[in-house]
Structures are given as C-alpha cells and as structure tokens.
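Structure record follows, encoded as structure tokens.
So you know, we letter chains A, B, ... as the sequences are listed, proteins then strands, and number each from 1.
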Amino acid sequence: MPFTNKFIQQRIQKAELLKQDGINPFSNDSKRNTTIQKYLNVNSDIEEKENKRDENRHYIVSGRIKFLRVMGKASFVKIEDESGMLQIYVTRDNLPEGFYNNHFKKNIEVGDIIEVGGFPFVTGHGELSLHVSELKLLTKAIAPLPEKFHGITDKEVRYRKRYLDLIMNAEVRKTFQTRSKVISLTRRFFEDKGFLEVETPMMHPIAGGANAKPFVTHHNALGIDRYLRIAPELYLKRLIVGGFEAVFEINRNFRNEGMDATHNPEFTSIEFYWAYKTYKDLIEITKEYFAYLFEHLNLPTLLPYGDMEVNFDNFNEIPLIESLSSIGGVDADIVNDKEKILAFLTSKGLEANSAMNLGQLQGELFDEFVEEKLIDPTFITEYPVEISPLARRSDENPEITERFELFIAGREIANAFSELNDPIDQLSRFEGQMAAKDSGDDEAHEMDKDFVEALSYGMAPTAGQGIGIDRLVMLLTNEHSIRDVLLFPAMKPLMQEVQEI
RNA sequence: GUCUUGUUAGCUCAGCUGGUAGAGCACGUCACUUUUAAUGAUGUGGCCGAUGGUUCGAAUCCAUCACAGGACACCA
C-alpha cells in the first residue's frame with residue numbers, strides 16, 4: 001500500500017492545501033532563464049558594486065530546496081540544480097500578499113522544486129545570493145529527503161534508490177559525469193583516428209569471444225535459445241573480413257558469474273579492431289589514449305588510487321614469463337616446467353591442478369604472484385598460446401602469442417592481441433577448447449564454425465583490443481567498487497518485490 | 001558458494017551482562033527580516049528486517065530465513 005507513511009501523508013495534505021488556493025503542486029510552467037552555475041559566474045562582480053547588489057539585473061533560476069532557514073518574516077533557502085547550489089533570500093514583503101505566511105512557510109519545504117526570480121546581491125557573510133521577488137512551486141516532493149547533514153550513507157539504499165543518492169551526494173553526480181566524459185572522449189578519440197563505430201548483436205547463437213558463462217534467453221519465434229553476448233569480438237572481426245579496416249564498439253557484455261567489487265553481471269567495454277596493425281601498434285595507441293583522457297579530464301599524471309599512487313608517465317612493458325621471476329619472484333628455472341610449477345604452487349599452499357597445461361599454470365603463477373604488484377601501467381606481453389585461443393602466434397615462438405594485457409593499480413584494464421587470422425589454426429584452437437570443455441572446463445571457448453568460415457575468406461592482418469570501461473572509470477575516479485561507477489548496479493530483488501510480481 | 005559484520009523513527013545513530021524504546025536531524029505548534037548543519041521553546045512520531053525457540057519477561061540470548069557491506073573462492 002503506497003503513501004501510508006505519516007510524513008508522506010502530511011506532505012500530500014500540503015499539496016492539497018496548495019491546490020485549494022489555485023497553486024498547482026506539479027506545474028510545468030517553468031520560465032527559467034539561466035542555470036545556477038551561470039548565475040554565479042555572471043554575477044561574480046556584484047561584490048564590487050555599491051551596496052553589493054544590482055537591482056537592475058533579473059534572473060530566474062530553478063532548483064530543489066536543500067536547506068531552509070526561516071527567520072520570521074525572512075528566510076534563507078539553498079536551492080540546487082544540476083549545475084550547483086545557490087542561496088536565495090525570501091522575504092514576506094517582496095511576495096504577493098499572504099503567500100509567504102500561508103504557503104511558503106507552511107506548504108513549501110525541503111525537497112520541493114521551486115522557481116525564483118530576483119536580483120543578485122552579496123550577503124553580510126559574503127555569499128553571492130539571489131534576492132527573491134517571485135517564487136513559484138514547480139514540483140511538490142511528497143516524500144521527505146534524507147537527513148541534510150549525513151545525507152544517505154546506507155550502501156544498499158544508495159544503490160537501490162540511486163536517485164536519492166544523486167540528490168544527496170554531489171560527489172556521486174561528479175563520478176557519473178566523469179564516466180560520461182570518459183565514454184564520450186573514448187568515442188571521439190577513436191573516431192578522430194578514423195575508426196567506424198558499429199553495433200553488433202547482443203543476442204548470440206553461440207556465446208563466443210571470451211571464456212565465460214553466458215546468460216541464456218529464448219527466442220519464441222524461432223524456437224531457439226540465444227545467449228546474451230559475453231564479448232563482441234567475433235562479430236567485429238567478421239567486419240574486418242568484410243573490408244572495414246578500423247571498427248570499434250562501446251557496449252555492454254553479460255557474464256553469468258559472481259558479483260563482487262570488480263564484477264557486475266553486465267559491464268561496459270570498448271573493443272576495437274585495426275587492420276594492417278599489430279599488438280605493438282596497440283601499445284602505442286593505448287599510451288596515446290591514456291594521455292588523451294588525462295589531458296581532457298584535467299587529471300594529474302600522478303594519480304592517487306586508494307593508498308596507491310599511479311604514475312601515468314611510467315608505462316612499462318614486460319613479457320609474461322619474465323615478469324614471473326623479475327616481478328613475481330619465482331625462480332626462472334621453475335616457470336617453464338610444468339612439474340616444477342605444480343610443486344612450487346603446492347609448496348606455497350596453493351591449489352595445484354595437475355590437469356592444467358603449462359600455459360594455464362603460468363597464468364596461475366601470474367595471477368598469484370605478479371598481478372597485484374603492477375601499480376604503474378604495465379603491458380604484460382607474450383601470453384602462452386594455451387590461454388589465448390583467439391590470438392596470433394608469435395612468428396619466432398609458436399608457443400606464445402602476440403598479446404598483451406594492460407595492468408594498472410594491480411588490476412587488468414585491457415586485453416589485446418594481433419588477431420589470429422589463419423582459419424586452420426583457429427579451427428584447431430577451437431577444437432582444443434572443445435577438448436578442454438569435454439574434460440570438465442565449462443568455461444572453455446565455444447566452437448564457432450561460422451566464424452572460422454568467415455576467416456577462410458581472408459582477414460587482413462589485424463590487431464584488436466578490449467578495455468573495461470567500468471574498471472577504467474573506477475581508476476580515474478578513485479572508486480573501489482564497480483557498483484560506485486554503475487548507476488544501477490545489479491542487486492538481488494527484495495522479498496516483497498518478488499511476491500508482488 | 002564459504003566465512004564474517006550488519007539490519008532499531010523518514011534519515012544518521014545510541015540502546016552494556018534480558019525488565020514496558022532513546023538522541024540529533026526532519027516534521028507539527030510558537031517566536032524571530034542577513035542565516036550558513038540558523039537559533040530558542042514545545043510536541044508528535046517505532047511490528048527494534050522476518051519466522052520460530054529459550055524465558056515469568058526478548059531490540060537484547062539461540063536457530064532458520066531474507067537483504068546488504070567486507071573478505072575469500074569462482075571469473076583471463
């Protein structure tokens with residue numbers, strides 16, 4: 001039963017009283033002619049004027065009431081719009097007869113959205129304010145806002161009712177503005193380089209392009225299951241086969257796996273594919289991309305992240321095998337021997353799965369001993385072929401691939417490689433993954449014969465990369481949970497909601 | 001999935017080893033024409049997350065469940 005709360009009842013009553021006096025509590029008759037930020041900028045000279053005011057200027061601004069200080073016949077009110085917060089000065093004698101006492105003091109309150117007109121002045125305490133001569137209620141808020149000082153801190157409420165979080169917490173708004181800028185800048189960066197933005201299917205007949213468990217849905221008309229995509233990779237490469245030479249897609253991927261501080265079931269990535277280039281070129285464009293972001297976001301290249309400090313002027317590059325010993329501290333004579341790695345893992349009290357092949361074990365060593373130590377941006381290169389089913393083999397050493405992952409602040413940010421374009425090799429890699437699947441690896445890559453057929457028509461030598469946008473935004477905004485960079489993070493439904501459905 | 005911490009008024013939080021529920025903000029009423037979390041006076045406001053159990057008596061102890069935070073596992 002909605003609206004039974006006594007505070008809500010009280011506020012509904014106030015809306016009724018307003019209506020009875022011909023005041024629409026949900027008016028759409030806004031005459032706003034400037035934003036609060038613009039008002040503050042344009043009138044920054046008032047401080048120097050005679051009496052610190054200019055009655056010849058007139059502005060109309062709108063916003064939500066955040067603070068309300070009534071002192072008898074005069075009041076100070078703070079209203080907030082998207083651009084900022086403004087103090088307004090409201091007096092009984094500057095409003096129509098009776099309005100101040102009968103409505104402003106009684107029926108208008110914190111949370112309501114109002115519109116005011118008046119002239120700029122500076123208060124005794126030196127705050128540029130607006131001297132109100134017209135005041136109109138635009139929207140009555142029938143639910144009360146959270147407490148004005150502590151705001152809303154309960155994470156569950158903040159995520160479930162993000163609108164309240166946004167009303168109460170300016171820094172949260174800032175984070176999402178930054179997120180929007182990151183996406184916009186990313187798009188502009190790649191467009192300026194001549195990349196074509198494309199949209200590929202979100203519903204796949206085969207969940208390919210990554211090793212992950214998919215969400216399954218059903219298409220009634222065709223009577224077949226579809227998988228929400230776990231990655232756009234195989235479709236973007238089909239476009240390279242088709243003759244587009246530089247494409248990118250910024251969109252959601254879906255993975256049916258656990259949720260934690262760095263994983264949400266739907267997350268945003270950019271993937272881009274660039275013909276006639278190699279992963280070496282990707283290292284260069286990635287550095288350029290970060291420099292571009294930092295410049296346009298006005299971020300310092302020494303960026304704090306938690307108790308770390310990340311130096312974005314210090315990009316490093318090191319082959320994976322080498323990193324195991326030079327950074328991970330694992331003896332060099334261990335890292336190329338399956339049995340020795342197994343023994344080493346066991347000696348460290350870690351799970352050693354003897355069914356794993358050498359490449360997988362090297363990946364384990366990396367995850368265990370190296371990843372978290374990579375604070376400054378580091379390109380880890382030359383991944384083992386066993387854990388890179390879609391990457392091109394190195395011409396010098398067929399056991400490793402022309403691949404890198406970029407790590408920053410101990411976390412994977414990007415994954416890139418020169419693409420495998422040999423259809424026969426691709427087929428056998430898929431077959432290898434199928435064998436792994438048969439022996440219990442339920443996250444091995446699916447066979448995609450249609451993709452192999454596409455490759456058989458010839459895909460130009462190409463390099464491709466994926467960047468996790470959410471994790472990137474976390475890094476740039478110093479946020480430590482992916483939920484804090486997603487407007488509406490995945491949450492379990494509450495019991496009542498389930499029952500009502 | 002495992003461990004762990006939490007859930008008390010609209011919000012932020014107290015409530016000790018069981019004894020009929022507390023504060024601040026918000027809200028109501030009164031006062032107040034330069035306040036900055038305005039101030040002073042006064043009042044209203046609770047299924048103590050849910051369900052069972054122990055007990056003369058449970059917000060408090062126990063069990064189960066729900067949701068959330070954190071850690072771990074899983075996840076290139």
Exercise. Are a donor atom and an acceptor atom from the side chains of A:Glu402 and A:Thr278 found within less than 3.5 Å of each other?
Worked result: no
For this session: Go through A:Gln362 and A:Asn336 one step at a time and tell me if the side chain to side chain donor-acceptor pair (under 3.5 Å) criterion holds.
Result: CA-CA 8 Å; A:Gln362 288 167 336; A:Asn336 278 309; 3.2 Å; yes
Exercise. With distance as the sole criterion, is a donor-acceptor pair present between the side chains of A:Asn478 and A:His480 under 3.5 Å?
Worked result: yes
Exercise. Thinking salt bridges, do A:Glu271 and A:Lys237 make one under a 4.0 Å N-O criterion?
Worked result: no
Problem set entry | C1' atoms of B:rG46 and B:rG15, separation to the nearest Å | 14 Å
Seminar exercise, completed: Result for side-chain contact (heavy atoms from CB on, under 4.5 Å) between A:Asp165 and one of A:Arg158, A:Arg173, A:Lys155 points to A:Arg158
For this session: Would you mind classifying the nucleic acid contact of A:Glu127 as base, sugar-phosphate or nothing, using non-hydrogen atoms under 4.0 angstrom?
Result: base
Exercise. Does A:Arg69 have a side-chain nitrogen or oxygen under 4.0 Å from the phosphate oxygens OP1 or OP2 of B:rU34?
Worked result: no
Exercise. With a centroid cutoff of 5.5 Å and a plane-angle limit of 30°, would you call A:Phe7 stacked on B:rG10?
Worked result: no
For this session: To the nearest Å, give me how far apart CE (A:Met259) and P (B:rC75) are.
Result: 18 Å
Problem set entry | Listed nucleotide nearest any side-chain atom of A:Lys155, set B:rG70, B:rA26, B:rU34 | B:rG70
Exercise. Expressed as a whole number of Å, how far does the C1' atom of B:rA21 sit from that of B:rC47?
Worked result: 13 Å
Exercise. Please give, in whole Å, the distance from B:rA37 C1' to A:Leu145 CG?
Worked result: 15 Å
For this session: Determine whether any donor atom in the side chain of A:Tyr89 lies under 3.5 Å from an acceptor atom in the base of B:rU33, or the reverse, and answer yes or no.
Result: yes
Exercise. Between A:Asp45 and A:Arg57, does at least one N-O distance fall below 4.0 Å, as a salt bridge requires?
Worked result: yes
Problem set entry | Check: A:Arg69 side chain, A:Lys78 main-chain N or O, donor-acceptor pair, under 3.5 Å | no
Problem set entry | Sugar-phosphate only, base, or nothing, as touched by A:Arg411 at under 4.0 Å among non-hydrogen atoms | nothing
Exercise. Are OP1 or OP2 of B:rG70 and a side-chain N or O of A:Arg483 less than 4.0 angstrom apart?
Worked result: yes
Problem set entry | Separation of the P atoms in B:rC48 and B:rA9, to the nearest angstrom | 9 Å
Exercise. Whole-Å distance between B:rG24 C1' and A:Glu147 CD?
Worked result: 7 Å
For this session: Would you indicate, yes or no, if B:rC13 has its OP1 or OP2 atom less than 4.0 angstrom from a side-chain nitrogen or oxygen of A:Thr153?
Result: yes
Exercise. Mind checking whether A:Ile482 and A:His263 have side chains closer than 4.5 Å, heavy atoms only?
Worked result: no
Exercise. What are the residues of residues 76-87 of chain A, sorted by number, that bring a heavy atom to within less than 4.0 Å of RNA chain B?
Worked result: A:Phe76, A:Lys78, A:Gln87
Exercise. For B:rU35, does either OP1 or OP2 sit under 4.0 Å from a side-chain N or O belonging to A:His125?
Worked result: yes
Problem set entry | Positive for ring-ring contact (aromatic ring centres under 6.0 Å, His included) with A:Phe379, one of A:Phe315, A:Phe407, A:Phe417 | A:Phe315
Exercise. If you look at every strand shown and take non-hydrogen atoms under 4.0 Å, does A:Asn415 touch a base, only sugar-phosphate, or nothing?
Worked result: base
Exercise. Between A:Glu109 and A:His480, which is nearer to the 5' end of RNA chain B once each is assigned its nearest nucleotide?
Worked result: A:Glu109
Exercise. Can we call the ring centroids of A:Phe272 and A:Tyr289 under 6.0 Å apart?
Worked result: no
For this session: Could you check whether A:Gly124 gets within reach of a base, just the sugar-phosphate, or nothing at all, counting any heavy atom under 4.0 Å?
Result: base
Exercise. Which nucleotide in the set B:rG69, B:rC67, B:rU12 lies at the smallest distance from any side-chain heavy atom of A:His150?
Worked result: B:rU12
For this session: Decide yes or no, distance alone: a donor-acceptor N/O pair under 3.5 angstrom between the base of B:rC75 and the side-chain of A:Asp260.
Result: no
Seminar exercise, completed: Between CZ of A:Arg92 and C1' of B:rA31 the distance, given in whole Å, is 14 Å
Exercise. Using atom P of each nucleotide, how far apart are B:rA73 and B:rA63 to the nearest Å?
Worked result: 27 Å
Seminar exercise, completed: Quick note, A:Thr123 side chain, CB onward, closest among B:rG45, B:rU34, B:rG69 is B:rU34
Problem set entry | Rounded distance in Å - CE (A:Met168) to C1' (B:rA37) | 11 Å
Problem set entry | B:rG40 and B:rG24, which share atom name P, separated by this distance in whole Å | 11 Å
For this session: Could you check whether A:Lys105 gets within reach of a base, just the sugar-phosphate, or nothing at all, counting any heavy atom under 4.0 Å?
Result: nothing
Exercise. Of the candidate nucleotides B:rC25, B:rG10, B:rG69, which contains the atom at the shortest distance from the side chain of A:Lys148?
Worked result: B:rC25
For this session: Taking atom P in both B:rC61 and B:rA14, compute the distance separating them and give it to the nearest angstrom.
Result: 15 Å
Exercise. For RNA chain B, what dot-bracket results from Watson-Crick or G-U pairs at under 3.5 Å, with [ ] for crossers and | for inter-strand partners?
Worked result: (((((((..((((.....[..)))).(((((.......))))).....(((((..]....))))))))))))....
Problem set entry | Test of ring centre spacing under 6.0 Å for A:Phe215 and A:Tyr227 | no
For this session: Side chain of A:Ile152 only, please: which of B:rC74, B:rU33, B:rC11 is the nearest?
Result: B:rC11
Exercise. Roughly, in whole Å, what's the span from CE in A:Met71 to P in B:rC30?
Worked result: 18 Å
Exercise. Closest to the A:Lys6 side chain: B:rG69, B:rG46, B:rU12?
Worked result: B:rG46
Exercise. Counting any heavy atom closer than 4.0 Å, what does A:Phe67 reach on the DNA or RNA strands: base, sugar-phosphate only, or nothing?
Worked result: sugar-phosphate
Exercise. Of all the choices, B:rC11, B:rU33, B:rG10, which nucleotide is nearest to the side chain of A:Thr91 once you look at every atom?
Worked result: B:rU33
Exercise. Roughly how many Å is it from CD1 in A:Ile8 to C1' in B:rG45, rounded to a whole number?
Worked result: 14 Å
Problem set entry | Out of B:rC67, B:rU33, B:rU34, whichever nucleotide has its closest atom nearest the side chain of A:Ala74 | B:rU33
For this session: Using heavy atoms to find the nearest nucleotide of RNA chain B for A:Glu405 and A:Val70 separately, return the residue whose nucleotide is more 5′.
Result: A:Val70
Exercise. Say you pick atom C1' in B:rU12 and the same atom in B:rA37; how far apart are they, in whole Å?
Worked result: 12 Å
For this session: Considering only atom P, compute the distance from B:rU29 to B:rU34 and round it to an integer number of Å.
Result: 23 Å
Exercise. Of all residues at least two apart in sequence or in a different chain, which pass the side chain to side chain donor-acceptor pair (under 3.5 Å) check with A:Ser269?
Worked result: A:Asn253
Exercise. Does A:Tyr279 have its ring centroid less than 6.0 Å away from the ring centroid of A:Tyr383?
Worked result: no
Exercise. In whole angstroms, how far is the P atom of B:rC75 from the CZ atom of A:Arg471?
Worked result: 13 Å
